[in-house]
Amino acid sequence: MGRLWGVDRVSMTVVVRFAPSPTGFLHIGGARTALFNWLYARHMGGKFLLRIEDTDRERSTQQAIDAIFQSLEWLGLTWDAEPVFQFARAPRHAEVAHQLVKEGKAYYCYCSAEELETMRQEAAAKGLPPRYNGFWRDRDPSLAPKGVKPVVRFRAPQSGTTVLDDCVQGRVEIPNEQLDDMILLRADGTPTYMLSVVVDDHDMGITHVIRGDDHLTNMFRQYHLYKACGWETPTFAHIPLIHGPDRAKLSKRHGALGAEQYQAMGFLPEAMLNYLMRLGWAHGDDEVISMKQATEWFDIHDVGRSPARFDMAKLTHLNALYLRQADPERLLKDIEPYLKQQATEEEWGVGRLRILKGMRGLQERAKTLVELREHALFYVKRPEFSADNADQAGTAVFRSEALMSLKELMNLIEKTPFIEPGSLEGTLRDFCRQTSKKLGAFLAPARLALTGATVSPSLFEVMILLGRTETLERLALYQDFLLSLTN
RNA sequence: GUUCCCAUCGUCUAGCGGUUAGGACAUCGCCCUUUCAAGGCGGCAACACGGGUUCGAGUCCCGUUGGGAACGCCA
């Protein structure tokens with residue numbers, strides 16, 4: 001009785017896993033695979049497990065393991081049991097392989113790397129898929145060359161077809177000639193991926209294998225391995241890969257960055273998750289979807305089969321949206337380390353409070369946390385002026401007008417109490433009306449003076465938060481700067 | 001080369017035999033506005049091609065083209 005067509009799915013508790021190999025950071029495709037697994041587990045009230053596939057001792061690093069944990073935690077993709085480290089289970093894998101040999105379902109193969117290479121070339125020359133030709137499959141082991149350590153190969157079916165149902169791909173059929181006798185145990189006795197996955201998925205009680213569709217053909221190999229072991233096959237779901245701008249599988253070449261790098265670029269985890277879940281999956285016209293909502297809606301069967309391309313612009317848009325809605329205190333915490341580092345303790349003392357109060361004005365102008373913290377900097381420390389900065393220095397005409405504006409503005413401020421925001425704004429508007437000046441033009445130099453930039457939150461708000469004294473000081477400072485340029 | 005998968009605006013997608021082919025991002029206008037954003041309104045923009053099936057096809061079938069993936073003592 002195969003679970004694939006099982007009778008008992010309703011009462012079955014779903015157990016899924018995310019199984020990255022720690023040979024690098026958690027890249028964006030991996031993050032989405034983890035997300036889909038997580039969502040499906042939560043949706044079904046099942047378990048989401050984590051397995052580190054560290055059997056490649058050469059390439060696995062502790063650093064990568066840490067990065068994967070860190071990224072999953074950042075995204076909030078929490079797992080439900082202690083992670084399984086695959087390498088630690090190698091003895092168990094070997095045990096299974098030897099059992100298969102004993103049962104005649106696997107055999108020793110003594111071919112050298114050169115011989116295999118020749119086989120592949122011969123096969124290719126005949127228009128066949130390059131693979132092992134089963135040289136030792138039925139050969140008498142007594143003919144084995146002396147001193148050669150054999151590998152253990154799986155005795156795969158050589159004819160007929162294998163038909164499997166996949167939650168995403170549907171019914172897929174493959175001729176068994178495509179399946180060669182894969183290696184289960186290397187010459188040094190260590191298990192290969194193909195064996196380890198099957199044994200671990202079985203031992204961990206995995207019910208649904210959700211992974212990238214680059215594993216689709218592995219499903220067929222693994223299926224026969226399950227059968228040979230006499231184990232129930234899990235349900236498979238092969239989700240399409242994320243592609244780069246050139247339509248090829250996303251890789252480092254495309255600047256496929258690790259989740260941690262997106263974090264460093266100032267993306268919010270909720271934006272990342274929202275973006276990722278919409279790659280290959282949709283719920284009608286909904287675009288902004290919370291994890292709570294997604295958990296309710298998500299079904300692995302609704303995932304599409306065509307690959308998606310990664311689009312930074314849309315991610316950025318989503319990020320800006322979540323940034324605008326975020327709680328100011330939380331955002332402050334996010335940007336605090338950077339700001340603190342930029343300022344003295346005193347500056348930070350006053351700046352912190354200004355930013356907290358002015359966060360609303362700040363956050364609706366920033367697309368990322370990096371932008372946010374840069375835009376917030378002027379609340380902490382005075383802008384520095386430089387003659388090289390064309391924006392700040394302006395043309396001669398701008399400078400003479402700016403000096404007049406600054407002077408008038410300082411006069412007005414001296415006369416205006418800063419008690420309530422409206423009073424200052426009212427005074428300035430009245431003044432502009434009476435002198436038929438345009439408020440925007442009138443305020444432009446002040447924006448430079450107070451923030452050092454041509455873009456900032458509402459100047460009325462900025463002035464209130466900076467306070468009368470600081471405002472006047474900054475205006476005077478900029479005035480001096482302009483005068484120094486004029487002379 | 002062999003096998004498998006895919007194909008709706010530039011991008012992500014909705015569509016599950018009858019739609020003016022919808023939404024979102026991007027882009028371009030206009031409005032709002034102290035700047036910039038945000039927001040509002042609008043524009044541009046897609047069913048790869050060819051055959052069938054059907055009264056009727058983006059939707060079903062076949063083929064073509066194009067793209068992708070897999071073919072390791074990597075995972």
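Sequence lines set the chain letters: A, B, ... in the order given, protein chains first and strands last, and positions in each chain run from 1. These figures come from a predicted structure and were not determined experimentally.
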Who does [N] pair with, Watson-Crick or G-U, both distances under 3.5 Å?
N	value
B:rA57	none
B:rU34	none
B:rA70	B:rU2
B:rC44	none
B:rU20	none
B:rG10	B:rC25

For this session: Select from A:Arg305 and A:Ala187 the residue whose nearest nucleotide in RNA chain B is closer to the 5' end of that strand.
Result: A:Arg305

Problem set entry | Atom C1', compared across B:rG51 and B:rG10: separation rounded to whole Å | 30 Å

Exercise. The side chain of A:Arg278 lies closest to which of these nucleotides: B:rC12, B:rU35, B:rC71?
Worked result: B:rC12

Exercise. Taking the side chain of A:Arg324 as its heavy atoms from C-beta onward, which of B:rA69, B:rC36, B:rA38 lies nearest to it?
Worked result: B:rA38

Exercise. Any salt bridge between A:Arg155 and A:Asp181, counting N to O under 4.0 Å?
Worked result: no

For this session: Fit a plane to each ring of A:Tyr226 and A:Phe236, take the angle between them on a 0 to 90° scale, and name the class: parallel (under 30°), tilted (30 to 60°) or perpendicular (over 60°).
Result: perpendicular

For this session: State, with a plain yes or no, whether a side-chain heavy atom of A:Ser306 is found less than 4.5 Å away from one of A:Pro240.
Result: no

Exercise. Rounded to whole angstroms, how far apart are CD1 on A:Ile183 and P on B:rG72?
Worked result: 9 Å

Problem set entry | Option passing ring pair (Phe, Tyr, Trp, His ring centres under 6.0 Å) with A:Tyr275 (candidates A:Phe310, A:Phe267, A:Tyr322) | A:Phe310

Problem set entry | Any N/O donor-acceptor pair, A:Lys367 side-chain to B:rA37 base, under 3.5 Å | no

